[in-house]
Number of protein chains: 2
Amino acid sequence: MSNVNKRPKTVTALDAITADLVAVLVAVTDGHPKIMTIEHAGALPSGPFQFAHRSLQMGLRAWVEAQTGHPLGYVEQLYTFADRGRSGDPDAPHRISISYLGLTREEEGREGADAQWSSWYDYFPWEDHRDGPPAILAKIIAPRLKAWARAAEEPALQKTRWRRAAITFGLDGREWNEELALQRYELLYEALLIPESVREQGGEAAVPGRAMAGDHRRILATGIARLRAKIKYRPVVFELMPDEFTLLQLQRSVEALAGRLVHKQNFRRLIEQQELVEETGAMAADTIGRPAKLFRFRQGILAERAVVGTKLPLSRS
Amino acid sequence: MSNVNKRPKTVTALDAITADLVAVLVAVTDGHPKIMTIEHAGALPSGPFQFAHRSLQMGLRAWVEAQTGHPLGYVEQLYTFADRGRSGDPDAPHRISISYLGLTREEEGREGADAQWSSWYDYFPWEDHRDGPPAILAKIIAPRLKAWARAAEEPALQKTRWRRAAITFGLDGREWNEELALQRYELLYEALLIPESVREQGGEAAVPGRAMAGDHRRILATGIARLRAKIKYRPVVFELMPDEFTLLQLQRSVEALAGRLVHKQNFRRLIEQQELVEETGAMAADTIGRPAKLFRFRQGILAERAVVGTKLPLSRS
DNA sequence: CCATATTATGCTCAAGGAGAGTATAAATGG
DNA sequence: CCATTTATACTCTCCTTGAGCATAATATGG
């Protein structure tokens with residue numbers, strides 16, 4: 001153990017490592033959760049890591065703002081990937097990818113030629129349960145996972161596999177848990193049901209859902225899972241909202257991210273009792289039905305809530 | 001934006017980056033939360049990053065087991081630090097530190113010459129509230145933070161500073177929140193009240209608590225905060241327990257990590273109703289008072305609970 | 001003008017969970 | 001036997017949460 005803390009004194013070519021940033025930039029535009037993509041919606045924005053800033057956070061912030069013109073509201077580090085074989089070429093220089101989650105608002109005409117906003121459900125069609133469980137689940141995913149489970153040699157493994165599938169995808173009468181987005185992707189990956197794993201290890205059919213370069217879709221799944229967990233106890237949704245909004249718009253944004261519906265009255269109760277918002281005095285125009293009050297996020301509450309906590313109602317049942 | 005995704009083709013010396021792993025290895029020995037340290041308890045175990053494994057997780061696992069002989073139960077990535085100026089020398093090769101949290105059991109005679117187990121409250125004496133708020137809080141920390149707040153130029157900033165201090169440290173009648181360990185460290189760092197920041201930016205007095213090399217104490221604080229949050233909804237405590245244990249021993253371990261006490265009866269109620277444990281049939285020997293039943297962790301439940309969730313009672317009041 | 005659709009908003013209720021307290025049981029050491 | 005210590009079983013109350021009912025305010029089509 002005594003040699004563990006010896007730090008390398010020199011950097012040789014053999015040690016060569018490159019690091020880059022990968023960003024999951026999220027916005028919600030009238031009920032659609034979007035992510036910034038490049039390469040014809042086939043990759044997440046990424047770029048070589050620069051040490052020009054005091055911290056990774058600030059580096060990412062500056063980088064995103066320079067590249068996209070979007071100010072970044074909330075930033076959070078997601079995960080650092082350095083798995084061998086990510087590039088496919090064993091002699092390639094080792095690459096570490098540090099991924100971040102960032103929240104913004106979609107703004108018109110800000111994207112570059114290569115950059116665009118894409119709905120994240122294009123990549124994960126099984127994740128949107130706002131209109132009930134998507135047909136693809138029962139029709140395609142469940143049967144294939146069952147086949148995968150049955151393909152195991154030992155009966156014990158068959159059972160374990162199927163139980164895992166049932167838990168993560170809410171099959172066999174189990175509840176759907178929207179926070180398991182990453183586990184679901186990883187399970188499909190392991191079962192060779194998505195192009196990314198088929199590409200690497202060879203396999204047959206894939207499940208619907210747009211693929212991405214490298215492991216970008218895994219990174220996106222990580223971001224979705226993290227954000228879905230976070231909105232339940234931190235007021236991060238507000239970063240995605242315009243300055244003024246109705247409570248229904250706020251609710252729709254939460255639902256868009258969570259991929260499931262929320263009880264309207266209870267949602268309002270929770271929002272109001274936590275004093276997260278205040279009335280602007282104005283009413284929403286151009287709406288169907290009874291006009292709604294406009295609200296704005298209470299800035300004063302931010303400092304406190306950012307540390308402590310907030311609750312949003314997302315039932316598990 | 002179109003140049004964002006261009007990956008660097010060659011690695012030049014200018015790009016040189018080194019990566020290393022830093023581990024927060026936690027064990028609990030009869031009520032004392034311990035971490036593995038090296039360099040006379042002045043640093044966390046760390047070492048150059050090897051790409052010899054399929055993933056960072058597995059790399060860390062193999063590395064820790066080789067170095068310490070400890071099998072690693074639970075492993076979780078904490079954070080990747082790459083702040084400029086971490087080494088002090090601006091010409092030094094850039095270093096990225098990927099930190100991990102690992103849970104084990106302390107075992108006799110396994111440590112190397114340089115490695116030892118240290119109580120984590122040696123580094124964060126203000127974090128242990130099992131015997132009520134530590135005296136150091138009211139006597140030393142609160143006054144110094146008040147002075148720091150008052151030292152601000154503008155009255156508004158003074159107020160903001162003090163409010164932040166009060167929230168994170170539970171002052172002014174606010175509740176203590178054990179999960180804010182990282183925020184507390186960062187606040188003290190910012191207020192130049194700990195050796196690490198004084199060392200960097202110059203300052204006066206420091207608050208009690210052992211310092212560590214580099215930003216290791218920040219990493220440790222990150223690990224503590226993460227673990228304290230995690231034990232409330234994932235059954236990770238069991239990784240720290242021996243094969244058989246009494247419910248009180250289990251409770252004491254939770255309390256050691258959380259740094260606060262738990263209502264005994266409610267703790268048992270929650271543990272039992274979740275079917276996390278099963279009786280071994282044996283009773284604890286060599287105890288004072290009425291002998292307690294011995295329990296073991298229900299292995300069967302692991303697969304399910306690892307995905308879903310568990311609750312441990314840690315009141316906020 | 002009225003019926004209908006659509007959204008906003010206020011209120012109630014029942015079940016479950018969480019925090020806290022009481023009471024009793026089983027051991028040990030004097 | 002008594003004090004002490006730990007184990008274990010219940011109970012009670014408050015709060016939260018999920019869910020539904022009822023009503024208000026607007027627009028539209030007939």
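Each chain gets a letter, A, B and so on, in the order its sequence line appears, and its residues count up from 1. Reckoned from all heavy atoms, side chains included, excluding hydrogens, waters and symmetry mates.
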Please give, in whole Å, the distance from [N] [atom2] to [X] [atom1]?
X: Leu261(A); N: dG18(D); atom1: CG; atom2: P; answer: 14 Å
X: Lys232(B); N: dG17(C); atom1: NZ; atom2: C1'; answer: 16 Å
X: Leu294(A); N: dT7(C); atom1: CG; atom2: P; answer: 16 Å
X: Met283(A); N: dA24(D); atom1: CE; atom2: C1'; answer: 11 Å
X: Arg260(A); N: dG18(D); atom1: CZ; atom2: P; answer: 10 Å
X: Arg269(B); N: dA9(D); atom1: CZ; atom2: P; answer: 13 Å
X: Asn266(A); N: dC11(C); atom1: CG; atom2: P; answer: 15 Å
X: Phe267(A); N: dT7(C); atom1: CZ; atom2: P; answer: 16 Å

Hey, does the side chain of Arg290(B) come within less than 4.0 Å of dA25(C)'s phosphate (OP1/OP2), counting only N and O? no
Short side-chain N/O contact to dT7(C) OP1/OP2 from Lys264(A), under 4.0 Å: no
Check whether [X] reaches the backbone of [Y] with its side chain - one donor and one acceptor, N or O, closer than 3.5 Å.
X: Arg268(A); Y: Leu247(A); value: no
X: Thr37(A); Y: Gln116(A); value: yes
X: Arg184(B); Y: Thr168(B); value: yes

[X] side-chain proximity, nearest of [options]:
X: His263(A); options: dA8(C), dG20(D), dT6(D); answer: dG20(D)
X: Gln265(A); options: dG21(C), dA22(D), dG18(D); answer: dA22(D)
X: Pro291(B); options: dT11(D), dA27(C), dG18(D); answer: dA27(C)

Show the nearest heavy-atom pair for residues Lys230(B) and Val236(B), with the distance to one decimal. CG-CG2, 4.2 Å
Distance under 6.0 Å and angle within 45° of ring axis: Arg228(A) vs Trp176(A): no
Which is true for Leu248(A) with a 4.0 Å heavy-atom rule: it touches a base, it touches only sugar-phosphate, or it touches nothing? sugar-phosphate
Closer to the 5' end of DNA chain C via nearest nucleotide, is it Lys293(A) or Ile288(B)? Lys293(A)
